[in-house]
Novice: 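For reference, the structure I am asking about is given below.
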Protein chains: 2
Amino acid sequence: MSLVSPQTNEAKLHRTISDSLFYQLQTAIIKGELAAGSKISEPELARKFGVSRAPLREAIRRLEGQKLVERKAHVGARVVSLSLEELVEISFMREALEGMACRLAAQYMTDEEVFKLKYLLSVHEKNQDLQEGQAYYQKEGDLDFHFCIVQGSHNNKLINLLCDELYHLIRMYRYQFSADSPRPKHAFDEHHAIVDAIEKRDGDLAEQLMRKHISAARQNIEQRYGDNP
Amino acid sequence: MSLVSPQTNEAKLHRTISDSLFYQLQTAIIKGELAAGSKISEPELARKFGVSRAPLREAIRRLEGQKLVERKAHVGARVVSLSLEELVEISFMREALEGMACRLAAQYMTDEEVFKLKYLLSVHEKNQDLQEGQAYYQKEGDLDFHFCIVQGSHNNKLINLLCDELYHLIRMYRYQFSADSPRPKHAFDEHHAIVDAIEKRDGDLAEQLMRKHISAARQNIEQRYGDNP
DNA sequence: ATAAGCTTATGTGTCGACAATAATATTTGC
DNA sequence: GCAAATATTATTGTCGACACATAAGCTTAT
């Protein structure tokens, strides 16, 4: 089980239909059960979930705020479909934000948090040795690592934006293309170097390494999928 | 008139009540007409605007997504009230994001955009000479400058996040405290250096200068209001 | 007099129905 | 046969009313 999934969100008990719908639809979109680009029919979904349209519409409006759906007045809502360009744009944001998060993590992470991060890294290493770049590592494991560092920044606004908004889009994209961080060895080495910098409390280096890490992933994606958008 | 206000938003014709309410409430919150921390009563607002609660609730849900209101189930919605800590947290995000935006602007801004930016700077200079750090420059002029550079990044995701979400929070805070960037001379010099770097197409330098600029503003705020939160 | 429990009331959450808009299908004219 | 205009249909936007939860006020017992 991933560390990303049982997040603050999922743990909450949804005391209202609207909340429940929001999280169910969010998961459905991320996992591709609601296909990217597909239309969201209010009557159909309302029937399917056995609820009225009012709470459903509010849930959709929240998903709109999270950029998981787009809606046009009097036309309806569609699940977003990320183009390559958009993924690259998001990657620039990630580079900036996670670079900053990593710098702050080097400064503010507790020793316990650093220990937990190192443990996570060791798990990934085992996993990698066993099954060279297999599902766990590729799909969620990588995000677990980033998730952990972002938490270490102790900056709630940063945590919220990255973990509760941007990562959903990235996960959605990864589920869709089931292609992912296809350079496990390099990635692992880079992760290791980042943790070292954090442990040494070298914020400058930690930020620089994280930015290179994300930038490299972006360039890798750009060249692999550059032709067929 | 500021360049920030007549934004993409305001220009749109709102063909639906929900949209109209969303933008009206957004403006009211930013300008403090709906006081920070105050409760949002659905029946009261619905009466005031002469509409039903359904579109009002959808508008509120969107404002929730923009972090302009917070809501608790079965209790209601309140306008957010930013603490100093939160403003500082946001400032770190700005430093990262606008630093990146500035780097991209140095790379992608057209010559026309650079020209427009320089013109904006000259207007600010005149304004500053006339009335040392007066309302225009302090309140919106500064954001105009940043707005312009972010646009120049040509990264839509970045533009959307900064201009349509984060800047609203910053503007709201500025309206509330009517205290603002209280170092016009320094700020102007820094703006000038940033534009020079962009004009020279030096992305590294442009990013570095923008980050220092925002970081300095943050430290300035922290020390001025550090005692009374 | 105070605290606990009950009652009331205000407000949020949800529903079903109606109105208005846009997309589709049909008809009409050339 | 095709294009434009019209009619139709399905879906979205909005409304008023009801159900339910929380909070406030009142009663009662210690």
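Quantities reported herein were computed from a predicted structural model and do not represent experimental measurements. Each chain gets a letter, A, B and so on, in the order the sequences are listed, and its residues count up from 1.
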Novice: Closer than 4.0 Å, any side-chain N/O of B/Arg15 to the OP1 or OP2 of C/dA22?
Specialist: yes
Novice: Which of these nucleotides, D/dT12, D/dT22, C/dT14, is closest to any side-chain atom of B/His74?
Specialist: D/dT22
Novice: Can you tell me how far C1' of C/dG13 sits from CD of B/Glu64, to the nearest Å?
Specialist: 14 Å
Novice: Taking atom P of D/dG13 as reference, at what distance in whole Å does atom CD1 of B/Ile17 sit?
Specialist: 11 Å
Novice: By nearest atom, which of the nucleotides C/dT12, D/dT14, C/dT14 is closest to the A/Thr16 side chain?
Specialist: C/dT14
Novice: For B/Glu58 and D/dG13, give me the distance from atom CD to atom P, rounded to whole Å.
Specialist: 7 Å
Novice: For C/dC15, does either OP1 or OP2 sit under 4.0 Å from a side-chain N or O belonging to A/Arg53?
Specialist: no
Novice: For B/Glu89, is there an ion pair with B/Lys67 - N to carboxylate O distance below 4.0 angstrom?
Specialist: no
Novice: Using a 4.0 Å heavy-atom cut-off, does B/Ile40 contact any base of the nucleic acid, only the sugar-phosphate backbone, or nothing at all?
Specialist: sugar-phosphate
Novice: Between atom CD1 in B/Ile60 and atom C1' in C/dG13, what is the gap in whole Å?
Specialist: 13 Å
Novice: Would you mind telling me which of C/dG13, D/dT11, D/dT14 lies closest to the side-chain atoms of B/Ser52?
Specialist: D/dT14
Novice: Find the distance B/Arg61:CZ to C/dT12:C1' and express it as a whole number of Å.
Specialist: 10 Å
Novice: Does the distance from a Lys or Arg side-chain N to an Asp or Glu carboxylate O, for A/Glu42 and A/Arg71, drop under 4.0 Å?
Specialist: yes
Novice: Mapping B/Ala77 and A/Lys72 to their closest nucleotides on DNA chain C, which lands nearer the 5' end?
Specialist: B/Ala77
Novice: Given C/dT12, C/dT14, D/dG13, identify the nucleotide with an atom nearest to the side chain of A/Ala73.
Specialist: D/dG13
Novice: What is the separation between atom CZ on B/Arg71 and atom C1' on D/dT22, rounded to the nearest whole Å?
Specialist: 15 Å
Novice: Keeping the roles fixed (side chain from A/Ser91, backbone from A/Leu87), state whether a donor-acceptor pair exists under 3.5 Å.
Specialist: no
Novice: Main chain of A/Glu70, side chain of A/Arg78: is a donor-acceptor contact present, judged purely on distance under 3.5 Å?
Specialist: no
Novice: Could you state the atom-to-atom distance from CG of A/Leu56 to C1' of C/dG16 in whole Å?
Specialist: 15 Å
Novice: Starting at CG of B/Asp19 and ending at P of C/dA20, how long is that distance when rounded to a whole Å?
Specialist: 18 Å
Novice: Between D/dT11, C/dT12, D/dG13, which one does the side chain of B/Lys39 approach most closely?
Specialist: C/dT12
Novice: Choosing from C/dG13, C/dA22, D/dA23, which nucleotide comes nearest the side chain of A/Val75?
Specialist: C/dA22
Novice: Side chains of A/His168 and A/Gln66: is there a donor and an acceptor less than 3.5 Å apart?
Specialist: no
